[in-house]
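Below is one structure, written out as C-alpha cells; comments come after it.
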Amino acid sequence: MFNVVIVGHVDHGKSTLIGRLLYDSGSVPEEKLKEIREVSDSLGREVEFSYLVDALEEERKGEMTIETTRTFFKSRKRDYSIIDAPGHLEFLKNMITGASQADASILIVDVAKGVEEQTKRHAYLLRLLGMEKVVVAINKMDLVGNDQRRFEEVKDDISSYLRTVGLNPLFVIPISAYLGDNVIGRSESMRWYKGPTLVEALDSMPERAGYPYFRMPVQDVYLVRGERVYVGNVISGRVRKGDEVHVTGSGKSARVEKIIVLDGELEEARAPKGIGISLDPDPMIGRGSILWNGKGLKGVKTIESTVFCTEELKSGEELEFSCSVQEAGCKVEVFERIDPISLKRRESEVLGANEIGRIGIRLDKEVFVESFKELPELGRFVLRRKGMIVGGGIIR
Amino acid sequence: MDLAHLESLEAGSIYIIREAYYKYRDRLAALVSWGKDSTTMLYLIREAFFGEVPIPVVHIDTSFKLKPIYSFRDRLVKEWNLKLIVAKNEEALKRGMNPSMGRFKCCTALKTEALKQAIAKYGFKALFVAIRRDEHAIRAKERVVSPRDSEFRWSITDQPPELWDQFNELDEEGKHVRIHPMLGWREIDIWEFIKLKGIPVNPLYFAKKWPDGKWRRYRSLGCEPCTVPIESEAKTIDEIIEELRSTKVPERAGRAQDKEMSYMMQKLRSLGYM
C-alpha cells in the first residue's frame with residue numbers, strides 16, 4: 001500500500017482529482033455513483049466527482065473540503081491510499097494530519113490561477129514534514145485551451161519556489177482532473193507533453209527503504225507468566241534470540257532470552273513487528289528506553305528545529321515533548337517566525353496558530369534520535385500541551 | 001495476498017493498542033459487535049497481550065441483533081476468556097423502542113444512549129472501536145484517537161491534529177476518547193488476515209440458500225430489522241476474498257443507517273454513534 005496525499009490551494013481541484021482517480025480506475029461502486037448523481041441534482045449542480053470524498057453536509061453545501069479523508073484505488077502496479085487534504089488556511093491542522101501519513105505527495109496548481117498562498121504554504125509544510133517524493137500536477141489545462149506556454153510559465157513559477165525551500169519535484173505534469181487528461185489515461189489534446197501521466201509518475205516511485213539496524217522503542221513492561229517482558233514494535237532491522245542488545249540511556253547491554261508473540265516464541269523478528277522481549281540479565285528499564293544494536297543512536301538534550309504549530313507558542317513556555325515513545329518535559333524558545341509565502345524571516349518570541357518558525361527546545365532529560373531521512377520514527381517529534389498535540393517537526 | 005502489507009497493518013494496530021493501554025489502563029474498554037472487524041480487533045488485542053484480553057469487552061445490545069450474533073458472542077467469551085459487559089438501554093426497550101419508531105431515533109436510543117449509560121456506570125475514559133476508513137465516507141475522516149465531549153459529540157469539522165504515530169491524550173472530566181486501531185484496514189485486508197491467522201468468524205458471513213432458492217450472505221452485521229443480506233454464493237473465506245476483488249457494491253449496502261442522501265451517518269456520528 002502506497003499512501004499519497006494531495007495538497008494545494010483551495011479550489012485548485014484536489015477533491016475532483018481524487019474523484020477522477022477513483023472513477024477512472026473503476027473503484028467507485030455503482031450505488032455510490034447513483035447517490036452522487038442524486039445529491040448533485042438536488043443541489044442543482046452537474047455531477048460532482050468531489051462528492052466522492054467530500055461527504056460532509058457542510059462540505060457539499062459549502063463546496064469545499066474541511067476534513068482530511070482517505071480513499072483507495074488500484075493502479076496496474078500497486079494499491080494506493082489517497083489522502084485528500086483541505087486547502088483552506090483554517091483547516092491547516094487537517095492538512096498536516098493527512099500529509100504526515102503519506103509516503104508521497106501531489107501538489108496541485110490551477111494553471112489559470114497559478115501559484116497561490118496555500119500552494120506555497122502546503123509546499124513549505126511538506127518540506128517541514130520531511131516529504132521528499134513530490135509530484136506537481138498543473139490542473140485545469142482544459143480552461144487554458146491546453147496551452148503549453150501557460151503550462152511552462154506556471155511550471156517555472158512553482159519549480160523556483162520549491163527549489164528555494166529545498167524541495168525537488170520528481171515530475172511536473174499538465175492535467176485536467178475534470179476531463180481525466182493525463183491522470184490515468186494519456187491526453188489526446190496535449191500531444192506536446194511527453195512525460196508520464198500522473199499515475200505513471202506515482203507508479204515509478206520506490207517504496208521506503210528499510211534502515212538496517214535493530215531498533216525497538218519500549219512501549220511498556222508486562223508481566224507474562226511471571227516474567228518481565230518488554231513490549232514494543234521492531235521499527236527497523238531484525239533481532240534474534242541470543243543477540244546482544246543495548247539499552248539507550250543506561251549503558252546497559254543484555255542477551256535476548258526470548259522473543260514472545262501470541263502463539264509462543266520466535267527465533268527472529270523483523271520490522272515491522274509488535275513483539276515482547278525478555279532479557280538476561282534483566283536491565284530493569286521502562287517505557288521510553290530503546291533496545292538497539294549496530295550503529296549507536298544520538299543522545300540529545302537540546303533540539304533546534306523549524307516547526308509549525310497549530311496553537312500559539314511562546315518563548316519560555318513549558319510543554320511536553322514526544323519522539324516515538326520517548327517522553328520528556330521541555331522549555332521552548334522561539335527564535336524567528338517564517339512566512340512561507342514571502343519566505344521572510346522575522347525575529348519573534350511568539351508563534352501564532354498555523355504559523356511556522358525556528359525554535360529551540362530544551363529537554364529535561366536526554367532523548368535518543370536519528371535523522372528523519374534515515375529512520376523517520378526516531379527523527380520526528382511533537383510538542384503537546386496537556387497531552388494535546390500543538391506542533392511538531394523533524395530532525396534533519 | 002500481500003503479506004508485507006498485512007504485517008504492517010498488524011504491527012500498526014498492536015502499537016496503537018499498547019499505547020492506549022499504557023495511557024488509560026483500567027479506564028479502557030473494547031466496544032465490540034461480534035462482526036468480523038470487532039473479532040479481528042479482539043484477536044489483535046490478544047496478540048498485543050500474548051493471549052490475554054486485560055480490558056472489559058462491551059457489547060451494546062439493542063436486543064434486535066441477528067440471532068447467530070448472540071451464540072457467536074457466547075462462544076468467543078468462553079474461548080478467549082473475555083470480561084463481557086452487556087450494555088442495554090432497558091428503559092427505552094421498556095418503552096417499546098424499535099426501528100418502526102424511526103431508524104434514527106432507534107439507533108440513537110438503543111446504541112448511542114446505551115453506550116452513554118455504560119460509560120457513566122463504569123467510568124471508561126477510552127474505548128477501542130473497530131471502525132475502518134473504507135467503510136464509509138464519514139468514517140474516512142476519523143482520527144485514530146478521536147475525542148468526544150460529555151454529550152458524546154464528535155466535532156468533525158474541528159478535530160485536533162494527529163501526527164505520524166503520535167496520538168492526542170485527553171484527560172478531561174466528562175470527556176472520553178474513541179480509539180480506532182483498525183482505521184487503516186480495508187475490508188479485504190480483514191478477510192485476508194482472518195484467513196492467515198485462522199480467526200473465528202460469525203457463520204452469517206457465509207452464503208446459504210434461502211427459501212426462494214437464491215444464495216445470500218451477510219456482508220456487514222447489524223440489527224435484524226435494519227440489515228439485509230447480499231446475493232452471493234461465497235461459502236468460504238477464499239470465495240469471499242474472491243468476491244471482494246471484483247465487487248462494485250459497497251460493504252454497508254445492506255445497512256439502513258448508512259445512506260448518505262440525508263447525511264444520516266454524519267448526524268448519528270456527531271451525536272456519538274460508532
Side-chain angles (χ1 to χ4, degrees), chain A residues 1 26 28-32 35 38-39 42 52-58 66-72 79 81 91 93-94 96-97 100-101 129 219-220 222 224-225 229 231-234 260-262 271-274 276 287 310 322 324-325 376-377 380-382 384 386-390 392, chain B residues 2 4-5 7-15 17-19 21-23 43 46-52 54 133-134 136-138 140-143 147 156-157 159-172 183-184 186 189 197 247-250 253 259-261 263 265-267:
Chain A
M1 179 70 65
V28 187
E30 264 318 308
E31 183 167 327
K32 189 124 185 181
E35 269 187 30
E38 285 169 25
V39 174
S42 76
L52 289 171
V53 278
D54 291 343
L56 300 178
E57 191 168 5
E58 293 86 339
I66 292 172
E67 188 45 89
T68 179
T69 195
R70 190 100 51 126
T71 47
F72 301 90
D79 285 346
S81 149
F91 306 129
K93 58 187 174 141
N94 302 336
I96 289 163
T97 298
S100 80
Q101 302 299 325
L129 290 165
Q219 275 182 285
D220 211 337
Y222 298 163
V224 183
R225 292 174 275 278
V229 171
V231 300
N233 276 18
V234 180
I260 308 172
V261 289
L262 172 64
K273 193 156 184 72
R287 175 181 171 88
T310 53
S322 323
S324 175
V325 299
E377 284 85 347
R380 57 198 185 197
F381 63 85
V382 297
R384 304 168 185 270
K386 286 188 186 154
M388 300 298 281
I389 295 169
V390 295
Chain B
D2 182 352
H5 172 59
E7 281 174 348
S8 140
L9 287 172
E10 179 187 23
S13 298
I14 292 175
Y15 179 80
I17 289 164
R18 286 172 172 167
E19 283 299 281
Y21 187 64
Y22 176 79
K23 305 286 179 196
Y43 181 86
R46 292 178 67 244
E47 285 198 306
F49 304 105
F50 311 108
E52 208 195 319
R133 288 200 177 99
D134 80 329
H136 194 282
I138 298 293
K141 294 178 186 278
E142 262 291 5
R143 302 280 196 260
I156 179 168
T157 56
Q159 302 192 69
E162 187 169 82
L163 284 157
W164 303 301
D165 49 2
Q166 297 290 343
F167 310 111
N168 285 299
E169 294 158 27
L170 185 76
D171 198 1
E172 278 179 58
L183 203 55
R186 296 168 302 172
D189 300 324
K197 300 286 181 176
T247 185
K248 284 209 148 196
V249 178
K259 298 303 170 216
E260 279 177 45
M261 292 300 293
Y263 306 103
M265 188 61 145
Q266 180 180 357
K267 286 172 186 153

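Just so we're on the same page: letters track the sequence lines, and every chain starts at 1. The structure displayed is predicted, hence computed values, not measured ones.
- With a 4.5 angstrom heavy-atom cutoff, A:Ser322 touches chain B via backbone and side-chain atoms both.
- Top candidate by heavy-atom pairs under 4.5 Å with chain B, chosen from A:Gln101, A:Lys273, A:Arg225, is A:Gln101.
- Ion pairing of A:Arg287 with B:Glu19 is present here, as a side-chain N (NZ or NE/NH1/NH2) and a carboxylate O approach within less than 4.0 Å.
- Annotation: maximal heavy-atom pairing with chain B below 4.5 Å, among A:Gly276, A:Pro272, A:Pro376, occurs at A:Pro272.
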Kindly determine whether B:Asp189 and B:Glu10 satisfy side chain to side chain contact (heavy atoms under 4.5 Å, CB included), including the steps that lead there.
CA-CA 10 Å; B:Asp189 300 324; B:Glu10 179 187 23; over 6 Å; no

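- Chain B forms the most heavy-atom pairs under 4.5 Å with one residue out of A:Val390, A:Val234, A:Val261, and that residue is A:Val261.
- Using bins of under 30°, 30° to 60° and over 60° for the plane-to-plane angle, the ring pair B:Phe167/B:Tyr15 lands in the tilted bin.
- Using a 4.0 Å cut-off between a side-chain N of Lys or Arg and a carboxylate O of Asp or Glu, B:Lys23 and B:Glu169 qualify as a salt bridge.
- Between chain B and the options A:Lys386, A:Arg384, A:Gln219, A:Glu377, heavy-atom pairs under 4.5 Å are most frequent for A:Gln219.
- Using a 4.5 Å cut-off between heavy atoms, B:Ala48 contacts chain A through its backbone alone, with no side-chain atom that close.
- Counting heavy atoms from C-beta outward, A:Val231 and B:Phe49 have side chains that stay 4.5 Å or more apart.
- Counting heavy-atom pairs closer than 4.5 Å to chain B, the top-ranked of the candidates A:Met388, A:Lys93, A:Arg380 is A:Arg380.
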